[in-house]
Amino acid sequence: MTTNLLPVNSILNPRDLGGIVGLDGRKIKTHRLIRTGTLIRMSDEDIQFLKNYGLTTIIDLRSKSERKDHPDPQIEGVKNISLPLSEEEGTLGGIQDLSREDDLYHHDPHSAFKMMCDHYRDHVVKAHDQNTVRQVLSILAEKEKGATIFHCTEGKDRTGFVVLFVLYILGVDLEVIRQDYLASNSILSSYRAERDKKFENTGENLIFRSNMRILSSASDSFFDTVLLTIEEQYQTMDAYLKNVLDVIPELRDRLRELYLEKSEF
């Protein structure tokens with residue numbers, strides 16, 4: 001699978017989903033669907049690039065607190081939409097919860113892995129998260145032209161969860177979707193190395209640093225947690241789309257019409 005990285009330097013994990021092969025061999029259109037990490041450090045040059053690229057909408061999947069502390073840039077002609085994937089308390093927890101997690105991160109090398117599996121499972125089953133995915137799909141179905149960015153902080157977990165359903169609806173093979181998800185690891189390798197070095201320089205122990213690496217990594221196990229949870233509780237992906245995410249044939253066909261290139265036959 002070819003990863004279509006955008007030539008921007010101030011945005012984490014910036015990828016155009018265009019070029020990925022979907023239904024009946026039809027490729028996803030370029031300049032339409034963009035997945036990224038945080039936008040808070042966007043340079044003027046990268047803002048201009050995205051405007052020229054056709055950006056019209058930014059969907060922010062981060063929590064209210066994240067958005068308040070690190071707001072997205074307001075770009076002329078671009079609509080900003082906030083759709084937190086997780087509920088506020090599910091994302092950040094209270095001070096007591098954060099203190100408990102911090103203690104676990106320093107003493108249990110598997111704590112972050114367990115927590116991330118729980119988060120991915122929650123994304124599948126929680127009504128709030130399901131509704132966010134529904135709203136994203138509804139917004140995309142109304143976008144006849146222009147590019148949409150959907151993003152979280154690193155562009156891999158919450159963004160990856162939403163992208164899974166967008167790509168599946170467009171007929172992309174699940175293994176290709178998995179590889180697109182896992183591509184965050186190589187794309188974020190320098191970012192993760194710099195982050196780890198900062199923790200090392202501040203005296204954090206190896207257990208803590210190991211947990212932080214997990215938090216900044218895409219994992220087959222996390223991806224499979226989504227698939228297994230859907231299978232266990234909803235039987236199939238198609239049943240989940242129909243019965244939970246309300247993806248009726250008209251919505252499915254509309255998204256395919258808007259985001260897939262025309263068939264050559």
Side-chain angles (χ1 to χ4, degrees), residues 3-6 8 10-20 22 28-42 46-47 49-51 53-64 66-67 70-75 77-87 91 119-120 123-124 126 128-170 172 177 180-184 187-188 218 222-223 226 241 245 247 251 254-256 258-260:
T3 300
N4 190 3
L5 272 175
L6 294 180
V8 291
S10 61
I11 303 172
L12 278 178
N13 209 355
R15 292 184 259 162
D16 187 330
L17 297 176
I20 296 176
I28 296 175
K29 297 176 182 177
T30 57
H31 296 254
R32 294 290 274 142
L33 299 170
I34 302 173
R35 58 174 297 172
T36 79
T38 181
L39 305 177
I40 61 172
R41 297 182 180 86
M42 283 179 69
D46 288 347
I47 288 175
F49 171 85
L50 288 171
K51 289 179 69 174
Y53 201 77
L55 179 64
T56 59
T57 306
I58 296 172
I59 299 176
D60 187 350
L61 301 170
R62 300 174 302 162
S63 68
K64 293 179 181 178
E66 289 172 289
R67 191 175 73 254
H70 303 288
D72 282 344
Q74 300 295 312
I75 304 172
V78 177
K79 184 177 183 180
N80 291 68
I81 302 173
S82 171
L83 289 175
L85 182 60
S86 296
E87 292 178 285
T91 303
H119 278 322
Y120 274 80
H123 290 331
V124 174
K126 286 197 171 182
H128 176 279
D129 304 48
Q130 296 165 355
N131 188 52
T132 291
V133 178
R134 283 191 212 100
Q135 291 183 74
V136 171
L137 296 176
S138 178
I139 291 168
L140 293 180
E142 296 173 358
K143 293 271 297 177
E144 295 193 0
K145 59 182 180 180
T148 298
I149 282 178
F150 27 95
H151 81 94
C152 51
T153 300
E154 295 175 342
K156 60 181 183 60
D157 298 312
R158 288 168 287 187
T159 300
F161 183 78
V162 171
V163 167
L164 163 60
F165 298 107
V166 173
L167 293 182
Y168 186 85
I169 290 169
L170 296 180
V172 179
I177 299 174
D180 174 73
Y181 163 74
L182 292 172
S184 288
I187 295 169
L188 294 171
F222 302 155
F223 191 88
V226 173
L241 288 172
L245 298 184
V247 179
L251 174 60
R254 174 65 171 166
L255 290 169
R256 292 174 176 177
L258 288 173
Y259 296 100
L260 290 174

Handout entry: Any donor-acceptor pair under 3.5 Å from Gln130 side chain to Val124 backbone
Key = yes

Problem - Heavy-atom side-chain proximity of Leu50 to Ile11 below 4.5 angstrom - result: yes

Handout entry: Flag, side chain of Arg158 to backbone of His151, donor-acceptor distance under 3.5 Å
Key = no

Practice task
Nearest 0.5 Å please: distance from the CG atom of Asn131 over to the CG atom of Asp129.
Solution key: 9.5 Å

Practice task
Calculate, to the nearest 0.5 Å, the distance between atoms CG and OG belonging to Leu255 and Ser138 respectively.
Solution key: 9.0 Å

Practice task
Answer yes or no: is there a side-chain heavy-atom contact under 4.5 Å between Arg62 and Leu85?
Solution key: no

Fill in the blank from the handout: Which of Val163, Ile34, Leu170 passes side chain to side chain contact (heavy atoms under 4.5 Å, CB included) with Leu17? It is Val163

Exercise for the section: Just jot down the salt bridge (Lys or Arg N to Asp or Glu O under 4.0 Å) partners of Asp16, sequence neighbours excluded, or say none. Expected result: none

Problem - Any donor-acceptor pair under 3.5 Å from His31 side chain to Gly54 backbone - result: no

Handout entry: Stepwise side-chain contact (heavy atoms from CB on, under 4.5 Å) test for Leu6 and Tyr53
Key = CA-CA 10 Å; Leu6 294 180; Tyr53 201 77; 3.5 Å; yes

Problem - Ser82 side chain reached by Pro84 side chain, heavy atoms, under 4.5 Å - result: yes

Completion exercise
Value for OG1 (Thr132) from CD (Glu87), rounded to nearest 0.5 Å, stands at 9.0 Å

Exercise for the section: Say whether Ser184 and Glu154, considering side chains only, have a donor N or O and an acceptor N or O under 3.5 Å apart. Expected result: no

Practice task
Give a yes or no on whether the backbone of Val247 and the side-chain of Arg134 come within a donor-acceptor separation of less than 3.5 Å.
Solution key: no

Problem - Side chain proximity check, Val172 to Val166, heavy atoms < 4.5 angstrom - result: no

Handout entry: Expected output: side-chain Asn13 to main-chain Gly155 donor-acceptor under 3.5 Å
Key = yes

Exercise for the section: Using the six-membered ring wherever Trp is involved, compare the ring planes of Phe222 and Tyr120 and label them parallel, tilted or perpendicular (cut-offs 30° and 60°). Expected result: parallel

Exercise for the section: To the nearest 0.5 Å, tell me how far Thr36 OG1 sits from Ile187 CD1. Expected result: 11.5 Å

Practice task
Output yes when a side-chain donor or acceptor of Arg67 lies under 3.5 Å from a complementary backbone atom of Leu61, and no otherwise.
Solution key: no

Completion exercise
Distance col, row Cys152:SG vs Ile59:CD1, nearest 0.5 angstrom, shows 12.5 Å

Exercise for the section: Look at the aromatic rings of Phe165 and Phe161 and report parallel, tilted or perpendicular, splitting at 30° and 60°. Expected result: perpendicular

Handout entry: Distance in Å, Phe49 CZ paired with Met42 CE, rounded so as to fall on 0.5 Å steps
Key = 10.5 Å

Handout entry: Side-chain donor or acceptor of Thr148 paired with backbone N/O of Leu33 under 3.5 Å
Key = no

Problem - Side-chain touch His128/Ser86, heavy atoms, less than 4.5 angstrom - result: no

Exercise for the section: Decide side-chain hydrogen bond (donor to acceptor under 3.5 Å, both in side chains) for Thr159 and Arg35; before the verdict, give the C-alpha distance in whole Å, the side-chain angles of both, and the deciding distance to 0.1 Å. Expected result: CA-CA 7 Å; Thr159 300; Arg35 58 174 297 172; 5.8 Å; no

Practice task
Test Leu260 against Lys29 for side-chain contact (heavy atoms from CB on, under 4.5 Å), laying out the working first.
Solution key: CA-CA 6 Å; Leu260 290 174; Lys29 297 176 182 177; 5.9 Å; no

Practice task
For side-chain contact (heavy atoms from CB on, under 4.5 Å), just list the numbers for Leu140 and Leu258, CA-CA rounded to whole Å, side-chain angles, deciding distance to a tenth of an Å, and then say yes or no.
Solution key: CA-CA 9 Å; Leu140 293 180; Leu258 288 173; over 6 Å; no

Practice task
Assess the side chains of Lys79 and Thr56: does a donor N or O sit below 3.5 Å from an acceptor N or O?
Solution key: no

Handout entry: Beyond-backbone contact of Ile81 with Ile58, side-chain heavy atoms, under 4.5 angstrom
Key = no

Handout entry: Heavy-atom check, side chain of Thr57 versus side chain of Phe150, under 4.5 Å
Key = no

Practice task
Please name the pair of heavy atoms, one in Tyr168 and one in Ile177, separated by the smallest distance, quoted to 0.1 Å.
Solution key: N-CD1, 3.6 Å

Practice task
Determine, for Glu144 against Arg254, whether the closest basic-nitrogen to carboxylate-oxygen distance falls under 4.0 angstrom.
Solution key: yes

Practice task
Output yes when a side-chain donor or acceptor of Glu142 lies under 3.5 Å from a complementary backbone atom of Ile139, and no otherwise.
Solution key: no

Exercise for the section: Would you check if the side chain of Thr38 reaches a backbone N or O of Ile40 as a donor-acceptor pair within less than 3.5 Å? Expected result: yes

Exercise for the section: Compare all side-chain heavy atoms of Thr30 with those of Asn4 and state whether any distance is below 4.5 angstrom. Expected result: yes

Practice task
Check the pair Ile28, Leu167 against side-chain contact (heavy atoms from CB on, under 4.5 Å), reporting the backbone distance first and the verdict last.
Solution key: CA-CA 9 Å; Ile28 296 175; Leu167 293 182; 3.4 Å; yes

Practice task
Locate the shortest heavy-atom distance separating Ala141 from Leu251; write the atom from each residue and the value.
Solution key: CB-CD1, 3.5 Å

